[in-house]
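Below is one structure, written out as C-alpha cells, with a few remarks after it.
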Amino acid sequence: MKKEDKIVELEQKNGELLADLQRTRADFENFRKQVELQKENEKNAAKLATVFKILPLLDDLDRAFSAYKELGPLEKSLEKSLKELGLAKISSEAGVEFNPDVHEAVFAEGEGEKEVISETLRPGYFYDGEVLRAAMVKVERV
C-alpha cells in the first residue's frame, strides 16, 4: 500500500471517528437536558403534592381568621408567605361576579341575568397563576 493511500485511509477513518465523537457528544447533551427536565418536573410535582396536602389546613385557618378578627396580622403574614410560594387565594367575596373558570357554584338563587357571589363556602387558590382549586360559592342572580 502506498503512503498516499494510507494517508487517505487514515483521514477517512479520522473523519469517521470525529463524526462518531460529535454524535456521541450531541447524544450526551440531549440526555443531560432530558435529565434536567425530568428533575424539574419531579420537583414541581413534589411541590404541587405538598400544596395539595396543606389546603385543608389553609381552610381551617381561613375559618379561624373569619371567626377571630384579631388574627388579621397573622392572616396578612400567611398571605405574604403563600404568595412567595406561588399560592394565591381566588377572589370570591360577596358581590364579586361569578366566573365559572375559577368559581364552583353549589347553590344559586334569584331570577336575574347577572350572577354574583353571595357567599364563599370554601376558598379557592391559584398556584403559579393557574387554578389549583376552584372557590366553592353560593351564587345570587340579580
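Using a 4.5 Å cut-off on side-chain heavy atoms (C-beta onward), Lys69 and Leu71 make no contact. With contacts defined as side-chain heavy-atom distances shorter than 4.5 Å, the pair Glu119/Glu140 does not qualify. Annotation: side chain of Leu58 is in contact with side chain of Tyr125 (closest heavy-atom distance under 4.5 Å). Looking at Leu57 and Leu55, their side chains never come closer than 4.5 Å, going by heavy atoms from C-beta outward. Between Val102 and Asn99, the closest side-chain pair of non-hydrogen atoms falls below 4.5 Å. Between Val116 and Lys114, the closest side-chain pair of non-hydrogen atoms falls below 4.5 Å. Between Leu121 and Val137, every side-chain heavy-atom pair lies at or beyond the 4.5 Å cut-off. Looking at heavy atoms from C-beta onward, Phe65 lies in side-chain contact with Leu74 at the 4.5 angstrom threshold.
Side-chain contact check for Ser91 and Glu93: at least one donor-acceptor pair (N or O, by modelled atom type) lies under 3.5 Å.
With Thr120 contributing its side chain and Ser92 its backbone, the two residues share a donor-acceptor pair below 3.5 Å. The main-chain N or O of Asp20 is found under 3.5 Å from a side-chain atom of Thr24 such that the two form a donor-acceptor pair.
For the atom pair Asp128 CG and Glu130 CD, the distance stands at 8.0 Å (nearest 0.5 Å). The CZ atom of Arg122 lies 10.5 Å from the CZ atom of Arg63; values are rounded to the nearest 0.5 Å. A distance of 8.5 Å separates NZ in Lys13 from NZ in Lys6, rounded to the nearest 0.5 Å. Residue Met136 holds its CE atom at 13.0 Å from CD1 of Ile117, rounded to the nearest 0.5 Å.
Heavy-atom contacts from other residues, nucleotides or ligands closer than 6.0 Å to CD of Glu109 number more than 12. Applying the 6.0 Å contact sphere to CD of Glu113 captures no more than 12 heavy atoms from other residues, nucleotides or ligands.
Of all non-hydrogen atoms in Ala134 and Ile90, the two that sit nearest each other are CA-CD1, 4.4 Å.
One finds no salt bridge joining Glu111 and Arg141 here, because no Lys/Arg side-chain nitrogen approaches an Asp/Glu carboxylate oxygen to under 4.0 Å.
For the side-chain hydrogen bond (donor to acceptor under 3.5 Å, both in side chains) test, residues two or more places apart in sequence or in another chain that qualify with Asp62 are Lys89.
Pairs passing the side chain to side chain donor-acceptor pair (under 3.5 Å) check and including a residue from residues 32-49, sequence neighbours excluded, read Glu29-Arg32. Counting only residues at least two apart or in different chains, side chain to side chain donor-acceptor pair (under 3.5 Å) contacts with residues 49-59 comprise Asp59-Arg133.
By the criterion of side-chain heavy atoms lying less than 4.5 angstrom apart, applied directly or through intervening Ile, Leu, Val, Met, Phe, Trp or Tyr residues, Phe98 is not grouped with Val106; the two fall into different hydrophobic clusters. Under the 4.5 Å side-chain heavy-atom criterion for ILVMFWY residues, a single connected hydrophobic cluster contains both Val51 and Leu78.
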**Worked check of side chain to side chain contact (heavy atoms under 4.5 Å, CB included) between Leu132 and Leu87** = CA-CA 9 Å; Leu132 176 65; Leu87 196 63; 3.7 Å; yes

